[in-house]
Amino acid sequence: MDSNRVRRYQIAFFILAAGVVLFLILNICIGSVRISLTDVVWAALGQKSSETADRILWNIRLPRAAAVLILGGALSLAGYLLQTFFNNPIAGPFVLGISSGAKMTVALVMVFFMERGTRVTAAAMILAAFAGAMLSMGFVLVTARRMNHMSMLIVSGIMIGYICSAITELVVTFANDAQIVNLHNWSRGSFSGMTWENVELMTVIVFLTVFAVFLMSKPLSAYQMGDAYAKNVGVNLMLLRVCIVIFSSILSACIVAFAGPISFVGIAAPHLVKKILNTTEPILMIPASFLGGSVFCLFCDLLARTMFAPTELSISTVTAIFGAPIVLWILIKRKKT
């Protein structure tokens with residue numbers, strides 16, 4: 001590997017890491033109550049600056065920022081895995097209807113538990129979201145076998161998303177008022193209300209999955225060269241494809257369970273990272289996609305909280321504003337080539 005490429009990779013990872021740190025600090029400090037960086041440092045060292053600032057920092061801002069960092073990275077990595085699997089630059093959990101499937105099953109489980117006056121645990125929501133993600137992924141795989149054109153695959157994903165959304169709307173229609181409020185707030189996509197218990201659970205699930213995906217770097221690299229090449233170098237294609245489907249579904253399920261469906265991050269972030277690195281090598285793209293998704297979501301969540309404060313926008317509104325133009329650019333560029 002020549003020195004110019006190595007330097008490019010080093011600069012790219014430095015920019016991504018610096019972006020994560022910068023937006024993490026901004027998300028912690030900026031809000032309806034301003035918290036200075038000095039107060040954050042003192043709090044990290046175990047020194048209280050003021051009771052109000054300390055409570056806001058530890059109970060609201062820090063768990064939310066940590067959740068955005070983790071789930072944003074997970075969403076971007078899920079998008080990269082799906083793009084690799086389908087060899088399609090605009091494949092992603094939201095576009096292919098996988099997020100909608102997870103949303104549908106979580107809504108059903110939430111209503112089922114609420115009708116019985118039982119609290120829905122985070123683990124139950126993740127399992128429900130995983131089941132919905134796998135169900136939608138199954139439909140996508142069936143249609144992908146019959147449709148070779150990228151546009152038709154996208155249309156089928158959109159149709160699956162509409163079907164799942166329609167079922168979700170039916171569930172909301174027959175829910176009582178309290179359930180409707182909970183479902184509506186969650187279904188819009190938001191990182192609000194995160195707790196340290198949520199962060200602990202998502203950290204374990206996401207980072208174990210990311211580690212497993214990273215171990216697949218070499219098989220994924222061979223897979224990108226084509227099925228024939230991958231078979232010749234000893235890659236078990238069936239096992240690799242099953243792993244990609246399962247791991248992308250786990251990541252998508254974790255995001256939907258905790259923050260609701262979030263649009264376009266899984267497409268936009270990996271694509272921007274590819275442009276920065278100028279490579280699709282999985283050993284570089286896996287950590288870079290995670291960092292890129294974290295930066296993208298931290299930036300969008302900051303805008304969602306502060307742009308029209310005290311009113312908070314849904315995170316999907318902001319990610320769509322920045323992500324949709326990137327998707328259009330990919331489609332136009334691909335059409336020209």
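In this text the structure is predicted, and so the values were computed from the model without any measurement.
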Report the C-alpha distance between Leu291 and Val295 in whole Å, list the side-chain angles of each, state the deciding distance to 0.1 Å, and finish with yes or no for side-chain contact (heavy atoms from CB on, under 4.5 Å). CA-CA 6 Å; Leu291 291 173; Val295 172; 5.5 Å; no
For a quick test of reading the model, state the closest non-hydrogen atom pair linking [X] to [Y] and the distance between them.
X      : Y      : result
Ile267 : Gly92  : CG1-CA, 4.2 Å
Arg305 : Leu26  : NH2-O, 4.4 Å
Ala133 : Ile98  : CB-CG2, 3.7 Å
Ala129 : Ala102 : O-CB, 3.3 Å
Val273 : Gly292 : CG2-CA, 3.9 Å
Leu284 : Phe13  : O-CZ, 3.5 Å

Exercise answer: donor-acceptor pairs, residues 243-258 side-chain atoms, under 3.5 Å, sequence neighbours excluded:
{"residue": "Ser248", "atom": "OG", "partner": "Ile244", "partner atom": "O", "Å": "2.8"}
{"residue": "Ser248", "atom": "OG", "partner": "Val245", "partner atom": "O", "Å": "3.1"}
{"residue": "Ser249", "atom": "OG", "partner": "Val245", "partner atom": "O", "Å": "2.8"}
{"residue": "Ser252", "atom": "OG", "partner": "Ser248", "partner atom": "O", "Å": "2.8"}

Treating Ile, Leu, Val, Met, Phe, Trp and Tyr as nodes and any side-chain heavy-atom pair under 4.5 angstrom as an edge, say whether [X] and [Y] lie in one connected cluster.
X      : Y      : result
Met285 : Ile11  : no
Val318 : Phe308 : yes
Leu328 : Ile321 : no
Val21  : Ile15  : no
Ile60  : Leu298 : no

Measure the acute angle between the ring planes of [X] and [Y], then classify it against the limits of 30° and 60° as parallel, tilted or perpendicular.
X      : Y      : answer
Phe264 : Phe94  : tilted
Trp196 : Trp58  : tilted
His271 : Trp329 : perpendicular

Hey, what do you get for [atom1] ([X]) to [atom2] ([Y]), rounding to the nearest 0.5 Å?
X      : Y      : atom1 : atom2 : answer
Glu200 : Ile205 : CD    : CD1   : 12.0 Å
Leu127 : Thr105 : CG    : OG1   : 10.0 Å
Phe214 : Thr209 : CZ    : OG1   : 15.0 Å
Thr84  : Ile286 : OG1   : CD1   : 8.0 Å
Thr203 : Asn198 : OG1   : CG    : 10.0 Å
Thr168 : Leu170 : OG1   : CG    : 9.0 Å

Only pairs under 3.5 Å count here: list side-chain donor-acceptor contacts from residues 63-81, not counting sequence neighbours, and write none if there are none.
{"residue": "Arg64", "atom": "NE", "partner": "Asp301", "partner atom": "OD2", "Å": "3.0"}
{"residue": "Arg64", "atom": "NH1", "partner": "Glu312", "partner atom": "OE1", "Å": "3.4"}
{"residue": "Arg64", "atom": "NH1", "partner": "Glu312", "partner atom": "OE2", "Å": "3.3"}
{"residue": "Arg64", "atom": "NH2", "partner": "Asp301", "partner atom": "OD1", "Å": "2.8"}
{"residue": "Arg64", "atom": "NH2", "partner": "Glu312", "partner atom": "OE2", "Å": "2.8"}
{"residue": "Ser76", "atom": "OG", "partner": "Ser289", "partner atom": "O", "Å": "2.7"}
{"residue": "Tyr80", "atom": "OH", "partner": "Gln224", "partner atom": "NE2", "Å": "3.3"}
{"residue": "Tyr80", "atom": "OH", "partner": "Thr280", "partner atom": "O", "Å": "3.4"}

Is any side-chain heavy atom of [Y] closer than 4.5 Å to one of [X]?
X      : Y      : result
Pro270 : Gln83  : yes
Phe139 : Ile163 : no
Leu96  : Ser136 : no

Just wondering, more than 12 heavy atoms not from Tyr162 lying within 6.0 Å of its OH? no
More than 12 heavy atoms from other groups under 6.0 Å of CD1 on Ile283: no
Can you list the steps and then say if Phe290 with Phe207 is a side-chain contact (heavy atoms from CB on, under 4.5 Å)? CA-CA 10 Å; Phe290 191 92; Phe207 281 100; 3.9 Å; yes
Donor-acceptor under 3.5 Å ([X] side chain, [Y] main chain):
X      : Y     : value
Tyr223 : Phe85 : yes
Arg8   : Ser3  : no
Thr306 : Gly31 : no

In this structure, is the centre-to-centre distance between the rings of Phe299 and Phe322 below 6.0 Å? yes
Audit row: Arg61, Met194, side-chain contact (heavy atoms from CB on, under 4.5 Å) steps and yes/no: CA-CA 9 Å; Arg61 300 263 178 93; Met194 291 293 172; over 6 Å; no
What pairs of donor and acceptor atoms, side-chain ones from residues 231-238 against any protein atom, are under 3.5 angstrom apart with sequence neighbours left out?
{"residue": "Asn232", "atom": "ND2", "partner": "Ala228", "partner atom": "O", "Å": "3.2"}
{"residue": "Asn236", "atom": "OD1", "partner": "Met238", "partner atom": "N", "Å": "3.4"}
{"residue": "Asn236", "atom": "OD1", "partner": "Leu239", "partner atom": "N", "Å": "3.1"}

Do Ser314 and Ser316 meet the criterion of a side-chain donor-acceptor pair at a distance under 3.5 Å? no
Ser36 and Cys29: side-chain contact (heavy atoms from CB on, under 4.5 Å), yes or no, with the steps? CA-CA 6 Å; Ser36 68; Cys29 294; over 6 Å; no
